[in-house]
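Single-structure report; data block below.
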Amino acid sequence: MNVDTSSPAPDAESPDPAVPEADGQRCGLIAIVGRPNVGKSTLLNALVGQKVSITSRKAQTTRHRITGIRTAGDAQYVFVDTPGFQTRHGNALNRTLNRTVLASLGDVDVVLFVVEAGRFGLDDAKVLALVPEGKPVILVANKLDKVVRRAELAPWLKGMQERHPFAEFVPLTAKRPEDVRRLLDIVRPYLPEQGWWYDEEALTDRSERFLASEIVREKLFRLTGDELPYTSTVVIDKFEEEGLLRRIAATIVVERDAHKGMVIGEGGERLKRIGTEARQELEKLMDAKVFLELFVKVRSGWADDEQRLRSYGYE
Ligand SMILES: Nc1nc2c(ncn2[C@@H]2O[C@H](COP(=O)(O)OP(=O)(O)OP(=O)(O)O)[C@@H](O)[C@H]2O)c(=O)[nH]1
């Protein structure tokens, strides 16, 4: 078994004339998959070195395909963060998510399959089953810091080896920088030898508009706790740039009148706080002054309407 060590580079593919000269460089796509709450967003943020995705204790907060970029040494790592495979409900929203998972795995060079160290449940197995055959999969056993009896991990890893022909086994703690650096080293040989796709400084190719909706959504979930169903979402109605000023208007779409009350809070206090915290964080991220207007709308049953989902940009 190959634990904590990088294996030899996979065979280099024949050069594609459409990609930049390799010139000793490596560049490739990496998908981070796993059931909700295993720490995918935490890991992505740590790998990329800056917050580009949203972490929250609430399950299923990552709905969009998010790309983070890290350039280190001769290698450029382009990360694709996919949503957790939805097993609880069978509505249109989840069907869309599953298609997103499948679509994003087809063209990646390597998959980081994240689980909680020492645990492998049906929900984990369902995600693993989505990975196309023949794709190199690195098992990332996260939250190692929570494993009290480390000795029990060896038999668990052995069991994992029998479940799937994993390319590598990496127990780690996503919150420890040295673990994350080690993971980057392990992933490196799986990136094809080809020129970089992005500037060295690029952190994300997501637009500021997208970041705005993600930040508002993060504040929304953080400040409403577990009261608010995850099907609530944020739509950006206006995003205007005037030099160092951003004028943003966003609508929080909830499913029921009662949810609207939760978001607004007594005397509008909660909505005000969501707006203030989101604005402060956006000003830091964008290095600009931000005017943020927030609205709350009830859109009953929107999670069951594929047409509407598409218009919100989930496809
Ligand atoms: N103790 C510990 N907690 C972690 C670690 N990595 C992540 N967490 C926590 O696990 C929770 C879930 O992390 P996320 O990164 O939001 O998980 P996710 O897999 O992206 O979740 P979804 O967006 O729901 O799919 C958060 O409370 C994190 O702080 C770790 O290495 N150790």
Side-chain angles (χ1 to χ4, degrees), residues 4 30-68 79-89 93-94 96-98 100-102 104-105 111-128 130-131 138-150 153 156 169-184 186 204 206 210-211 213-226 228-234 303 314:
D4 278 13
I30 303 146
I32 301 179
V33 302
R35 69 169 169 82
N37 220 35
V38 289
K40 299 179 297 296
S41 305
T42 306
L43 185 65
L44 175 71
N45 293 337
L47 285 161
V48 172
Q50 181 181 315
K51 188 162 175 175
V52 289
S53 178
I54 301 304
T55 61
S56 145
R57 273 189 309 127
K58 197 170 189 73
Q60 300 170 344
T61 54
T62 311
R63 286 208 204 104
H64 287 266
R65 182 184 147 125
I66 295 171
T67 311
F79 293 95
V80 178
D81 187 23
T82 53
F85 177 49
Q86 314 303 308
T87 51
R88 264 184 301 170
H89 312 281
L93 175 62
N94 295 323
T96 305
L97 289 175
N98 291 345
T100 311
V101 173
L102 284 173
S104 63
L105 289 185
V111 174
L112 302 186
F113 174 58
V114 186
V115 295
E116 281 182 25
R119 185 189 180 283
F120 187 84
L122 188 60
D123 39 3
D124 296 299
K126 284 187 172 172
V127 178
L128 185 56
L130 284 173
V131 179
I138 297 178
L139 180 80
V140 176
N142 189 30
K143 306 195 187 183
L144 186 61
D145 56 317
K146 285 171 75 176
V147 177
V148 184
R149 281 184 280 275
R150 293 281 164 100
L153 214 55
W156 177 81
F169 297 81
V170 188
L172 57 67
T173 300
K175 296 176 173 180
R176 286 187 52 187
E178 57 270 44
D179 284 12
V180 172
R181 274 196 297 274
R182 183 166 50 90
L183 180 60
L184 283 174
I186 292 169
T204 173
R206 281 292 184 174
F210 174 75
L211 276 178
S213 72
E214 287 285 275
I215 299 296
V216 173
R217 199 150 62 90
E218 180 191 25
K219 302 304 172 199
L220 171 70
F221 284 129
R222 278 210 199 285
L223 294 170
T224 52
D226 286 334
L228 194 69
Y230 70 88
T231 42
S232 312
T233 192
V234 175
Y314 281 110

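Because the structure is predicted, anything quoted here is derived from the model rather than measured. In listed order, ligands and their atoms are each counted from 1. Count residues from 1 along the sequence.
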Test of proximity, Asp145 against ligand 1: N or O pairs below 3.5 Å: yes
Within-cut-off N or O pair, Lys146 and ligand 1, under 3.5 Å: no
Ligand-side contact atoms (ligand 1) for residue partner Pro36, heavy atom cut-off under 4.0 Å: 24 (O), 25 (O)
Leu139 side, atom CG; Asp124 side, atom CG - distance, nearest 0.5 Å: 9.5 Å
Distance-only N or O hit between ligand 1 and Leu144, under 3.5 Å: no
Gly39, any N or O under 3.5 Å of ligand 1 N or O: yes
Donor-acceptor contact below 3.5 Å, side chain Asn142 vs main chain Ala174: yes
For Lys175, side chain to side chain contact (heavy atoms under 4.5 Å, CB included) partners two or more places apart: Thr42, Thr173
Sidechain N-carboxylate O distance under 4.0 Å for Glu116, Arg35: yes
Residue portion contacting ligand 1 (non-hydrogen atoms closer than 4.0 Å) for Asn142: side chain
Residues in side-chain hydrogen bond (donor to acceptor under 3.5 Å, both in side chains) contact with Arg176, at least two apart in sequence or another chain: Glu178
Nearest-0.5 Å distance that lies between atom CZ in Phe79 and atom CG in Leu44: 7.0 Å
Backbone or side-chain N or O of Leu43 under 3.5 Å from ligand 1 N or O: no
Subset of ligand 1 atoms that lie under 4.0 Å from at least one heavy atom of Lys40: 15 (O), 17 (O), 18 (P), 19 (O), 20 (O), 21 (O), 22 (P), 25 (O)
